[in-house]
Amino acid sequence: MQIQKLQSYQLSNYQQKPIIKQAIPSAPQRTESFAKLPANFRYNANIHFGEFFDPNRTVPHIDYEEYMAMSESTKRRFRKRYATFFNSRVIKKKEMIDENFQYMPLKAERTMDEFLKTAKIYSKYKDHPIICLGRSPKWFLNAALWMKDGIDDYKFVAFSKNWYDRNITTGELYRVDTNAPTQKEEAAYRKYLDRIKADPQTIVDHMKKTGKKTVITDYIFTGKGATSFLDVMSKYAEDLGILEEFCNSIHFVGIGCTDYMEERLKREYVDTPKVIMPARMAPYEKVGLWDYKITQDFYNMDYQMFKEMLINQNTNECRSTYYPHETWTIYQPDRIKTGLIKDLTKAKQLAKQLKESHDRTLSSFTPAMYDYRNLLNFRILDGLYERGLLKTEHKSKA
């Protein structure tokens, strides 16, 4: 099957074979020849974000397999499309989430170098299970998957918002019980963790079998989100009777930008950010005064790249599913792909729509956001290719 066919039909998200649903009349006709498909290529078998085709769309799904099948002339066409995306009359800018960023990220080669520099840090942990906590590290981990000598796999664990606050005087975090998940919500989240094999028992069992800790990675500023996640995990581990073993089985990798923190906090210097352990885990954090059992690393980012890839809500919203605890009982994050939802009524409507449809997944992204996401995928893959860093074979289904 040629790329032109891939652009012309709607495909089922998780099926290994394409399912023809609706032809797009405006799909361009292609006449150039295409590069040989990579070995073991399966169309649409490795989609991370959910996908659908809409007549208003101008960019097809682009992932590793699609990029590897492109001719040089096709790549040149998408490079031009990337450079002129926000100048196109076809794109409805009102469909973009963040109107403050009316330009594509990583256009500057220096910024792309900084992005890949951050992605490469995960190569250090390639022999460990890696949990991507929430949406923030996802672009970096995807790049690490496609990178030579990068990682082989990672597990995305949907998690949004937090229920901790910081004491202004002491700087310590404290739990705000009124903002925390209900018992029903927490029970639903435990089922989700069990289903995707990211639960405390799986983490402990892997440590016992291999001696390797599970890496949990997230963007850190205050660390409230990571602390909230560990609050849920540690309570689950405590109920299983494996709390101390769980604490000995994790390593936290934070990414962030101290320049941004200094600007926000109006300080000339800030301490290296770290995750504050919830009270339940604090007794198991240290051995003596200086040796830590719950270990952490932090990697600082270039400020411009940080702004484009993390402050920019367009790159945030098209990465993966928004999943605060209020939605844990409403939908499964690997079945509904959605950006920020402030109104729970909308979340319930999406869940009902999915239940009534025959599709396995549902997405609420606008056509413009889909195009933006696919072009950013292309730009990252192309950046790796131009630097000789792109894998010749990629098998992960993360």
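Values reported hereafter were calculated over all heavy atoms of this structure, with side chains retained and with hydrogens, waters and symmetry mates removed. Keep in mind that this is a model prediction, so the values were computed, not measured.
- Under the 6.0 Å cut-off for aromatic ring centres, Phe378 and Tyr67 qualify, their centroids lying closer than that.
- With no hydrogens or angles considered, a side-chain donor-acceptor pair links Asp205 and Gln201 at under 3.5 Å.
- With salt bridges taken as basic N to acidic carboxylate O contacts below 4.0 Å, none links Arg166 and Glu172.
- Atom NZ of Lys293 sits in a crowded spot, with more than 12 heavy atoms from other residues, nucleotides or ligands closer than 6.0 Å.
- Geometrically, Lys75 engages Tyr385 in a cation-pi contact, judged by NZ or CZ lying under 6.0 Å from the ring centre and within 45° of the ring axis.
- No hydrogens or angles considered: nothing links the side chains of Arg175 and Ser228 as a donor-acceptor pair under 3.5 Å.
- Here the shortest heavy-atom pairing between Ala143 and Leu116 reads CB-CD2, 4.4 Å.
- Using modelled atom types, one side-chain atom of Lys126 and one backbone atom of Gly150 make a donor-acceptor pair closer than 3.5 Å.
- For the pair Glu386 and Arg79, the salt-bridge criterion is met [side-chain N within less than 4.0 Å of a carboxylate O].
- Among the candidates Leu106, Leu376, Leu310, the single residue satisfying the side-chain contact (heavy atoms from CB on, under 4.5 Å) test with Trp139 is Leu376.
- Aromatic ring orientation, Tyr125 versus His128: perpendicular (interplanar angle above 60°, classes split at 30° and 60°).
- Under the 3.5 Å distance criterion, the side-chain polar atoms of Thr315 are matched with a main-chain donor or acceptor of Met309.
- Here the side chain of His251 pairs no donor or acceptor atom with the backbone of Val215 at under 3.5 angstrom.
- Thr366 OG1 to Met96 CE: the interatomic distance, rounded to the nearest 0.5 Å, is 7.0 Å.
- Each of Tyr219, Phe115, Phe221 was compared with Phe306 under the ring-ring contact (aromatic ring centres under 6.0 Å, His included) criterion, and only Tyr219 meets it.
- Asp302 has a carboxylate O that lies under 4.0 Å from a charged side-chain N of Arg110, or vice versa, which qualifies the two as a salt bridge.
- Aromatic ring centroids of Tyr154 and Phe156 lie 6.0 Å or more apart.
- Panel note: side chain Thr210, backbone His206; a donor-acceptor pair is recorded below 3.5 Å.
- In this pair, Phe86 and Tyr372 present their aromatic rings perpendicular. The plane angle is above 60°, beyond the 30 to 60° band.
- Panel note: side chain Glu185, backbone Thr182; a donor-acceptor pair is recorded below 3.5 Å.
- Ring geometry for His325 against Trp328 counts as perpendicular: the plane angle is over 60°, on a 0 to 90° scale with 30° as the lower cut.
- Counted within 6.0 Å of CZ on Arg264, heavy atoms from surrounding residues, nucleotides or ligands total 12 or fewer; the atom is thus considered open.
- A donor-acceptor pair under 3.5 Å is formed between the side chain of Lys155 and the backbone N or O of Lys197.
- Taking 4.0 Å as the cut-off between side-chain N and carboxylate O, Glu245 and Lys208 count as a salt-bridged pair.
- Side chain of Asn300 to main chain of Thr258: a donor-acceptor pair is present (N/O by atom type, distance under 3.5 Å, no hydrogens or angles).
- Residues Arg387 and Asp113 are paired through a salt bridge, judged by an N-O separation under 4.0 Å between the basic side chain and the carboxylate.
- Other residues, nucleotides and ligands contribute more than 12 heavy atoms inside 6.0 Å of the NZ atom of Lys107.
- Under the 3.5 Å distance criterion, with hydrogens and angles disregarded, no donor-acceptor pair is assigned to the side chains of Thr118 and Tyr299.
- A pairwise comparison of heavy atoms in Ala368 and Lys92 identifies CB-O, 3.9 Å as the closest pair.
- Looking at Asp231 and Arg280, a side-chain N of the basic residue comes within less than 4.0 Å of a carboxylate O on the acidic one, giving a salt bridge.
- The line from CG of Asp218 to OG of Ser136 is 5.5 Å long, rounded to the nearest 0.5 Å.
- When atom types are taken as modelled, the side chain of Tyr64 and the backbone of Glu393 share a donor-acceptor pair closer than 3.5 angstrom.
- Side-chain contact of Tyr103 with Asn87: a donor-acceptor pair under 3.5 Å is absent, judged by distance alone.
- Donor-acceptor pairing under 3.5 Å is lacking for the side chains of Asp177 and Trp163.
- Note: Tyr323 and Tyr192 have perpendicular aromatic rings, judged against thresholds of 30 and 60 degrees for the angle between ring planes.
- Annotation: the span from Lys274 atom NZ to Thr227 atom OG1 amounts to 10.5 Å, rounded to 0.5 Å.
- The aromatic rings of Tyr189 and Phe159 stand perpendicular to each other, their planes meeting at an angle above 60°, with 30° marking the opposite boundary.
- Taking the ring centre of Tyr303 as origin, the terminal cationic atom of Lys307 falls inside the region bounded by 6.0 Å and 45° from the ring axis.
- Using a distance-only test at 3.5 Å, with no hydrogens or angles considered, no donor-acceptor pair links the side chain of Thr214 to the main chain of Ile250.
- Listed for the Asp98 side chain is a donor-acceptor partner under 3.5 Å among the backbone atoms of Gln313.
- Looking at Ser123 and Asp149, their side chains never bring a donor and an acceptor atom within 3.5 Å of each other.
- With rounding to the nearest 0.5 Å, the separation of CG in Asp297 from CZ in Phe252 is 11.0 Å.
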